[in-house]
**Student:** 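The structure follows.
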Amino acid sequence: QLQLVESGGGLVQAGGSLRLSCAASGRTFSTYTMGWFRQAPGKEREFVSAIRWRSGSTYSVDSVKGRFTISRANAKNMVYLQMNSLKPEDTAVYYCAGSRDVLGFPRQPDQYAYWGQGTQVTVSS
């Protein structure tokens with residue numbers, strides 16, 4: 001019963017920046033981890049980054065470390081993904097997701113019960 005809405009996607013040149021936002025509403029009290037996934041054309045949906053609501057601990061895949069930063073504003077039930085130094089291979093639909101897993105950083109799509117509709121990020125060369 002968690003509702004998620006993403007925004008902030010768009011078209012950007014290589015080397016540019018975008019900030020994605022995810023607004024959460026509903027049963028947020030049972031959601032322990034928020035994550036960002038992406039799905040490029042012809043590819044499987046893949047994990048990008050996650051943050052624990054209560055501790056603020058974060059985890060990101062190696063391909064985006066140093067370029068992407070996940071953060072949250074707990075009182076607003078908002079999660080952000082700041083994306084810098086964007087590359088054409090970052091082009092994908094980006095999804096915000098919520099997990100009820102108590103421990104760790106879930107990295108598989110089936111570990112997340114709630115999903116947003118996705119926002120398109122296109123990086124041109």
Side-chain angles (χ1 to χ4, degrees):
Q1 297 177 8
L2 182 72
Q3 294 82 47
L4 303 173
V5 179
E6 305 101 328
S7 62
L11 175 64
V12 65
Q13 293 183 341
S17 298
L18 285 172
R19 188 183 77 162
L20 305 184
S21 299
C22 176
S25 62
R27 191 170 289 189
T28 58
F29 59 86
S30 62
T31 304
Y32 290 87
T33 304
M34 298 295 293
W36 287 97
F37 288 76
R38 65 187 181 186
Q39 188 164 18
K43 303 292 185 180
E44 294 287 307
R45 188 168 299 187
E46 67 172 348
F47 172 82
V48 177
S49 187
I51 186 167
R52 301 286 290 181
W53 268 120
R54 300 182 181 183
S55 70
S57 297
T58 63
Y59 172 79
S60 298
V61 296
D62 289 344
S63 62
V64 307
K65 285 182 178 177
R67 300 190 298 121
F68 293 8
T69 302
I70 189 170
S71 61
R72 89 290 201 232
N74 299 56
K76 297 180 179 180
N77 290 323
M78 295 287 293
V79 178
Y80 307 96
L81 186 67
Q82 178 67 45
M83 305 185 295
N84 299 325
S85 301
L86 283 162
K87 304 174 181 179
E89 52 262 44
D90 295 318
T91 295
V93 177
Y94 283 71
Y95 297 90
C96 178
S99 175
R100 296 173 293 182
D101 287 7
V102 176
L103 300 176
F105 291 98
R107 295 177 293 278
Q108 299 298 318
D110 62 6
Q111 295 178 284
Y112 288 78
Y114 307 104
W115 294 85
Q117 82 289 345
T119 185
Q120 176 70 235
V121 172
T122 303
V123 184
S124 65
S125 59

**Student:** Can you tell me how far apart CD (Q1) and OG1 (T31) are? Round to the nearest 0.5 Å.
**Tutor:** 10.5 Å
**Student:** Do you know which two heavy atoms are closest between P88 and A14, and how far apart they sit?
**Tutor:** CD-CB, 4.1 Å
**Student:** Would you kindly check if the NZ (Lys) or CZ (Arg) of R27 is within the cone defined by 45 degrees around the ring axis of Y114 and under 6.0 Å from the six-membered ring centre?
**Tutor:** no
**Student:** I need the Q108 CD to D101 CG distance, nearest 0.5 Å.
**Tutor:** 11.0 Å
**Student:** Does R100 CZ have over 12 foreign heavy atoms under 6.0 Å away?
**Tutor:** no
**Student:** Is it true that a side-chain atom of T91 and a backbone atom of V123 form a donor plus acceptor pair closer than 3.5 Å?
**Tutor:** yes
**Student:** Taking all non-hydrogen atoms of both residues into account, name the closest pair between Q82 and S17 and its distance.
**Tutor:** NE2-CB, 4.0 Å
**Student:** Please say which of L20, V64, V48 ends up in a side-chain contact (heavy atoms from CB on, under 4.5 Å) with M83.
**Tutor:** L20
**Student:** For the residue pair W115 and Y95, does the interplanar ring angle fall in the parallel (under 30°), tilted (30 to 60°) or perpendicular (over 60°) class?
**Tutor:** perpendicular
**Student:** A side-chain contact here means heavy atoms from C-beta on lying under 4.5 Å apart; do F29 and L2 qualify?
**Tutor:** no
**Student:** Go through the steps to decide whether Y80 and C22 satisfy the test side chain to side chain contact (heavy atoms under 4.5 Å, CB included), and finish with yes or no.
**Tutor:** CA-CA 6 Å; Y80 307 96; C22 176; over 6 Å; no
**Student:** Does Q117 have more than 12 heavy atoms from other residues, nucleotides or ligands lying within 6.0 Å of its CD?
**Tutor:** yes
**Student:** Any ion pair linking D90 and K87 (charged N to carboxylate O, less than 4.0 Å)?
**Tutor:** no
**Student:** Atom CD in Q111, atom OG1 in T33: separation rounded to 0.5 Å?
**Tutor:** 9.5 Å
**Student:** With rounding to the nearest 0.5 angstrom, report the CG to CD distance, N77 to Q3.
**Tutor:** 11.0 Å
**Student:** Which atom names give the shortest non-hydrogen contact between F47 and R107, and what distance separates them?
**Tutor:** CB-O, 3.3 Å
**Student:** Does V61 belong to the same Ile/Leu/Val/Met/Phe/Trp/Tyr cluster as L81, with side-chain heavy atoms less than 4.5 Å apart forming each link?
**Tutor:** yes
**Student:** Does any part of the side chain of V79, heavy atoms only, come nearer than 4.5 Å to the side chain of W53, both counted from C-beta?
**Tutor:** yes
**Student:** So do L86 and Q13 actually touch side chain to side chain, heavy atoms under 4.5 Å?
**Tutor:** no
**Student:** Could you report the tightest heavy-atom contact between L11 and S124, atom names first, then the distance?
**Tutor:** CD1-CB, 4.5 Å
**Student:** If I take atom CD from residue E89 and atom OG from residue S125, how far apart are they, to the nearest 0.5 angstrom?
**Tutor:** 10.0 Å
**Student:** List the atom of S21, the atom of M78, and the distance in Å for their closest heavy-atom pair.
**Tutor:** CB-CE, 4.0 Å
**Student:** Do you know the tightest heavy-atom contact between S63 and R38?
**Tutor:** OG-NH2, 3.8 Å
**Student:** Measure from the ring center of Y112 to the ring center of F37 and say whether it is less than 6.0 Å.
**Tutor:** yes
**Student:** Are I51 and Y32 connected in a single hydrophobic cluster, I mean Ile/Leu/Val/Met/Phe/Trp/Tyr linked by side-chain heavy atoms less than 4.5 Å apart?
**Tutor:** no
**Student:** Give a yes or no answer on whether the side chain of S49 reaches the backbone of Y59 with a donor-acceptor pair at less than 3.5 Å.
**Tutor:** yes
